[in-house]
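This report concerns only the one structure given below.
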Amino acid sequence: MGGMRVKTNKHIEAWAHFRENINEQFRFNARTNFKIFVTVFLIPGLIYKGILVDMKHNAEVNGLFEKYGFRNKFLFADYSHINPLKDQQQSAAAAVSASAATED
């Protein structure tokens, strides 16, 4: 209709051809195995290790080791110090149990 031609870009066409035939062109070799190892294991492992080091450093700086203990080698097992309503919840629970005891 109208005799209009489509202008194609040779770079986009080459990329599309590669993408459509990736299953025929991909090979497991040392280079691709190294890339897979780095992206799947090494980078996430380094991020995880950095988070643990930061948590441990923050615990040492804020005195959480002395106050709450470091119960797990990698993660804190006790997060009760984070709950600001813990004392209020405990006092409310104690009041409820005291009122229940006086009613009996």
Side-chain angles (χ1 to χ4, degrees):
M1 180 174 171
M4 297 173 54
R5 292 183 43 206
V6 176
K7 273 180 109 174
T8 59
N9 187 331
K10 65 179 180 178
H11 303 291
I12 293 175
E13 294 298 325
W15 176 79
H17 177 72
F18 174 76
R19 186 170 177 242
E20 290 170 358
N21 299 313
I22 191 74
N23 59 335
E24 298 170 2
Q25 297 176 2
F26 181 78
R27 299 284 181 253
F28 276 109
N29 55 25
R31 186 175 182 183
T32 56
N33 288 340
F34 178 74
K35 287 179 181 180
I36 291 169
F37 172 77
V38 167
T39 56
V40 173
F41 296 107
L42 189 63
I43 293 173
L46 290 174
I47 291 170
Y48 180 71
K49 182 67 175 173
I51 290 170
L52 292 182
V53 167
D54 185 53
M55 284 178 62
K56 188 173 181 182
H57 173 72
N58 288 338
E60 289 173 353
V61 168
N62 296 327
L64 297 179
F65 285 137
E66 294 79 21
K67 190 172 182 181
Y68 297 104
F70 196 65
R71 297 190 177 143
N72 191 318
K73 182 178 179 185
F74 298 108
L75 297 173
F76 291 106
D78 182 17
Y79 287 101
S80 62
H81 61 280
I82 296 175
N83 187 358
L85 302 175
K86 181 181 177 184
D87 296 331
Q88 293 174 358
Q89 290 169 347
Q90 288 175 348
S91 62
V96 168
S97 64
S99 67
T102 56
E103 290 176 4
D104 290 338

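FYI, side chains are in, hydrogens and waters are out, and symmetry mates aren't considered; it's all heavy atoms of this structure.
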Task: Ile51 reachable from Leu46 in the ILVMFWY side-chain graph, under 4.5 Å edges - done: yes

For residues 6-19, please give each side-chain donor-acceptor pair under 3.5 Å, one per line with the distance, not counting sequence neighbours.
residue	atom	partner	partner atom	Å
Asn9	OD1	His11	N	3.0
His17	ND1	Asn21	ND2	3.1
His17	NE2	Asn21	ND2	3.3

For residues 32-41, which side-chain donor-acceptor pairs fall under 3.5 Å, sequence neighbours excluded?
residue	atom	partner	partner atom	Å
Thr32	OG1	Arg27	O	3.1
Thr32	OG1	Asn29	N	2.9
Thr32	OG1	Asn29	O	3.2
Thr32	OG1	Asn29	OD1	3.1
Asn33	ND2	Asn29	O	3.2
Thr39	OG1	Lys35	O	2.9
Thr39	OG1	Ile36	O	3.3

Open item on the list: Which residues pass the ring-ring contact (aromatic ring centres under 6.0 Å, His included) test with Phe26, not counting sequence neighbours?
Closed with: Phe28

